[in-house]
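Worksheet for the structure shown next.
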Amino acid sequence: MIDVRTLSDGGQTPLEIAHAIADYVGAARQSLELALYDVRLKDETAEVVRGALVGASERGVNVRLVYNLDRDDRRVPVPPPPKTEPELVESLPFPTAAIPGWPDLMHHKYVIRDRASVWSGSTNWTDDSWSREENVIVTVDSPGIAARFAEDFEQLWTKRDVEKSGRVDTSAVDVDGVPVRPWFSPKRGEKLAQEIATRVGSAEQRVRIASPVITSGPILGTLAEVAADGKIDLAGVVDRTQILDVLHQWHVNGNDTWKLPALRFLMGHGQFTGKRSTPYAPGAVHDYMHAKVTVCDDQVFIGSFNLSHSGEENAENVLEKDRACSSGAGRFFRSR
């Protein structure tokens with residue numbers, strides 16, 4: 001009922017993931033609601049995915065899609081800006097809605113199928129995301145979880161405003177005997193960051209982190225304390241290129257206060273590795289370490305949420321659940 005699939009740089013082809021999405025969408029009988037940050041596919045994968053969505057609509061499935069509408073600015077590209085082409089999305093033969101992605105992003109990557117199943121995780125709908133990045137896809141067959149995602153979707157659909165989304169109950173839903181808490185930001189963003197920090201601080205054996213960057217105050221501060229204590233097994237993976245971009249941004253903006261030494265201490269004293277991804281540039285390959293997973297003993301957080309201050313303010317989602325050891329999240333860290 002809960003499935004986690006990990007993607008690695010060069011470990012699968014874009015067409016494999018396109019067909020996986022087509023199979024998931026193809027099982028829909030009543031409704032599909034999609035919230036997608038970045039949609040940018042080449043001809044072959046685009047044909048597979050478009051065919052599945054259009055086919056669902058033509059057989060009577062109620063399909064709706066919201067996407068992040070970006071604008072050109074000079075912000076540091078962390079996360080990198082989407083390259084969705086609005087005119088292509090709007091040409092689809094079912095209702096779509098653009099969500100303005102400024103000042104905060106509509107950063108989701110989820111699909112709700114028949115109000116009974118959810119596809120989510122860190123994986124954007126691009127060829128590079130499916131073949132050149134470390135990512136995670138999680139699917140959950142649960143009407144209770146799907147109902148929470150549907151609440152978030154309706155807020156985005158009706159209000160068309162990131163800031164007014166994410167007001168969703170975070171109490172646990174029983175999924176095959178496993179308590180799963182769905183979290184949505186921005187309305188629950190600060191509480192989510194505090195929840196992750198609390199779990200990190202109370203871990204007794206191990207903490208594993210996968211996040212392109214780590215700049216959320218509560219989480220960074222707690223991780224630095226755990227690294228200084230040295231009492232548990234702490235390790236993680238980040239995107240080195242994006243971390244350096246953040247450090248440069250802090251220096252330029254004069255924001256290199258306690259966070260700068262805390263981040264440097266964490267990278268130096270925790271067992272962290274950083275992927276040397278290709279710096280962002282228009283037309284360059286996107287080969288980032290893009291997974292967003294936190295494991296604290298046997299508690300796992302998995303979704304679209306970077307461990308960053310901006311993650312608290314974007315439209316994001318996370319699933320918090322027990323029994324990480326038996327999940328794909330555990331396999332992700334064992335394979336790094």
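- Within the 3.5 Å criterion, the main-chain N or O of M106 finds a donor-acceptor partner in the side chain of N68.
- Listed for the S91 side chain is a donor-acceptor partner under 3.5 Å among the backbone atoms of L88.
- Aromatic ring pairs are classed by plane angle as parallel below 30°, tilted from 30° to 60° and perpendicular above 60°; the pair F153 and W157 is parallel.
- For CD of E16, the number of neighbouring non-hydrogen atoms (other residues, nucleotides, ligands) closer than 6.0 Å is greater than 12.
- Counting heavy-atom neighbours within 6.0 Å of H286 NE2, excluding the residue itself, gives a total above 12.
- Checked by atom type and distance alone, the side chain of S211 never pairs as donor or acceptor with a backbone atom of V293 at under 3.5 Å.
- With 3.5 Å as the limit, one finds a donor-acceptor pair spanning the side chains of Y24 and S117.
- A salt bridge is absent between D297 and R199; no separation between the charged side-chain nitrogens and carboxylate oxygens falls under 4.0 Å.
- For the residue pair E90/Y67, the side-chain donor-acceptor check at 3.5 Å is satisfied.
- Side-chain contact of R160 with S165: a donor-acceptor pair under 3.5 Å is absent, judged by distance alone.
- Between Y110 and D152, the side chains place a donor N or O and an acceptor N or O closer than 3.5 Å (distance only, hydrogens not considered).
- A salt bridge does not link K231 with E204: none of the charged nitrogens is closer than 4.0 Å to a carboxylate oxygen.
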